[in-house]
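Step one of this worksheet: look at the structure below.
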Amino acid sequence: MKVLLTGSAGFIGSAVKRRLEERGDEVVAVDVMLDLAHGATTPPVGTHRLDVRDADAWADLLSGVDAVCHQAAVVGAGVRVADLPVYASHNDLGTAVLLATMHEAGVRRLVLASSMVAYGEGAYECPEHGPQAPGPRSTEDLDAGRFDHACPVCGQPLRWTLVDEAAPVDPRSSYAASKVAQEHYASAWARHADAHAIALRYHNVYGPGMPRDTPYAGVAAIFRSSLERGAAPRVFEDGAQMRDFVHVDDVARANLAALDAVVAEPAPFAAYNVCSGRPISIAEVADRLAGPDGPCPVVTGQYRLGDVRHVVASPEKAARELGFTALVHPGEGIADFATAPLRD
């Protein structure tokens with residue numbers, strides 16, 4: 001298979017590239033080499049330094065391509081209103097230009113990197129009153145240390161349940177809005193162009209080569225950076241927030257499974273969770289990274305407006321339809337990540 005891979009020099013893109021080449025696929029590697037993501041601006045050997053928003057610069061690279069794997073994006077929380085144009089330009093416009101250029105070149109298969117942030121809050125239920133869909137938490141509750149959502153009927157704390165792909169999207173940041181927009185563009189393109197697209201909703205990705213001290217650094221890398229400075233990881237809220245941490249090698253495997261599936265021309269558009277299926281709390285992540293000899297994590301009780309309480313994914317659809325199941329257990333993978341190299 002010949003695959004055009006955007007964002008090929010990034011944390012996830014480089015893992016996907018390595019997996020594709022290991023199995024003998026031909027990779028056309030493209031990356032704009034943003035300072036925010038890479039630090040260095042010199043692309044790896046064999047990588048085309050190009051901006052997907054400039055179709056005139058790279059359209060010829062689609063010749064003979066069987067599928068596009070679109071990893072390129074500006075990521076991060078995007079909590080400021082001023083961030084909106086950056087996300088809209090790179091993520092929304094970039095994806096729209098990519099899809100239009102693919103159509104002109106006759107390339108009809110796409111795998112898109114999406115995100116768990118599309119869901120907003122996760123899924124919740126009350127033991128007595130069943131499924132609930134809570135809104136954003138109030139400042140009053142957060143200031144008082146009431147971090148869990150309450151049932152609107154009885155007022156008791158809600159418990160988290162698994163989020164599946166049928167859950168409604170509810171973006172709560174600039175980045176989240178841009179990922180939802182990318183999915184919508186891909187879905188519309190697939191139907192208009194008689195094409196096929198798969199969106200992979202990554203959950204908390206970690207692993208060797210993760211960038212440190214940039215907007216692209218996830219919570220696991222932020223904890224790692226603290227530990228390397230000899231400082232205790234600082235955990236927001238009470239540390240009981242539940243997430244799904246998935247190793248970057250598993251994310252790369254999911255992309256290969258999706259590329260194989262999309263080449264078989266399934267439904268025009270489908271989205272899948274990419275997750276380990278093994279929930280873990282933020283406090284436990286910090287504990288495992290610190291290990292027995294590191295400084296004990298500090299649970300601060302502080303909070304960030306816009307953070308969600310729990311997002312825990314269902315892996316069932318990806319297992320059933322893509323044949324993808326994560327191999328790395330987060331309990332083991334996060335402990336290994338404690339000494340894995342990071343990208344400066």
Side-chain angles (χ1 to χ4, degrees), residues 7 9-16 18 34-40 44 71 73-79 113 115-117 173 175 202-253 274-276 278-304 306-308 310-313 326-344:
F11 169 49
I12 295 173
S14 58
V16 175
R18 183 172 61 252
L34 283 175
D35 289 346
L36 285 174
H38 302 285
Q71 304 295 317
V74 171
V75 306
V79 296
S115 173
M116 59 176 263
V117 297
S173 69
Y175 173 57
Y202 302 156
H203 286 252
N204 295 74
V205 186
Y206 71 97
M210 197 172 189
R212 74 173 89 222
D213 299 329
T214 79
Y216 288 65
V219 66
I222 292 170
F223 289 164
R224 268 286 310 275
S225 295
S226 295
L227 290 164
E228 289 179 357
R229 295 193 302 269
R234 296 179 61 81
V235 179
F236 285 114
E237 301 186 18
D238 58 2
Q241 310 94 302
M242 298 299 293
R243 296 290 189 270
D244 189 299
F245 280 75
V246 58
H247 197 277
V248 67
D249 287 347
D250 281 327
V251 174
R253 291 178 49 251
V274 176
C275 59
S276 70
R278 301 173 178 91
I280 188 170
S281 73
I282 296 297
E284 185 178 353
V285 171
D287 284 336
R288 288 185 177 273
L289 288 172
D293 301 321
C296 291
V298 175
V299 178
T300 66
Q302 297 172 341
Y303 63 87
R304 296 178 299 186
D307 278 359
V308 299
H310 305 297
V311 184
V312 179
L327 299 180
V328 181
H329 192 294
E332 300 168 357
I334 291 170
D336 291 341
F337 179 60
T339 56
L342 297 179
R343 177 184 297 183
D344 291 317

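If you read the sequence from its start, that first residue is 1, and numbering goes on from there.
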Q: Taking all non-hydrogen atoms of both residues into account, name the closest pair between His310 and Ala240 and its distance.
A: CE1-O, 3.3 Å

Q.
Could you report the tightest heavy-atom contact between Gly207 and Val248, atom names first, then the distance?
A. CA-CG1, 4.1 Å

Q | Considering all heavy atoms, the nearest Glu237-Tyr303 contact | A | CG-CB, 4.1 Å

Q: For residues Ser276 and Val328, determine if any side-chain heavy atom of one lies less than 4.5 Å from a side-chain heavy atom of the other.
A: no

Q | Test log, rule side chain to side chain contact (heavy atoms under 4.5 Å, CB included), inputs Phe245 and Val219 | A | CA-CA 10 Å; Phe245 280 75; Val219 66; 3.6 Å; yes

(Q) To the closest 0.5 Å, what do you measure between CD (Glu332) and CG (Leu327)? (A) 11.5 Å

Q: Quick one: closest heavy-atom pair of Met116 and Arg243, and the distance?
A: CE-CD, 4.2 Å

Q | Beyond-backbone contact of Val274 with Asp250, side-chain heavy atoms, under 4.5 angstrom | A | no

Q | Main-chain N/O of Gly331 paired to Arg288 side chain as donor or acceptor, under 3.5 Å | A | yes

Q. Is there a donor-acceptor contact under 3.5 Å from the side chain of Gln241 to the main chain of Gly239?
A. yes

Q) Roughly how far, to the nearest 0.5 Å, is the CG atom of Asp238 from the CD atom of Gln302? A) 13.0 Å

**Q.** Thr300 side chain vs Val235 backbone, donor-acceptor pair below 3.5 Å
**A.** yes

Q: May I ask you to test the Asn204-Val285 pair for a side-chain heavy-atom distance under 4.5 Å?
A: no

**Q.** Residues forming a side-chain hydrogen bond (donor to acceptor under 3.5 Å, both in side chains) with His203, sequence neighbours excluded
**A.** Asn273

Q. When you measure from the side chain of Arg224 to the backbone N and O of Phe337, does any donor-acceptor pair fall under 3.5 Å?
A. yes

Q: Identify the two heavy atoms, one from Tyr206 and one from Phe11, that lie closest to each other, and give their separation to 0.1 Å.
A: C-CZ, 3.7 Å

Q. If you look at every heavy atom in Arg278 and Pro330, which pair is closest and at what distance?
A. O-CG, 3.5 Å

Q | Separation of Leu289 CG from Thr339 OG1 (nearest 0.5 Å) | A | 10.0 Å

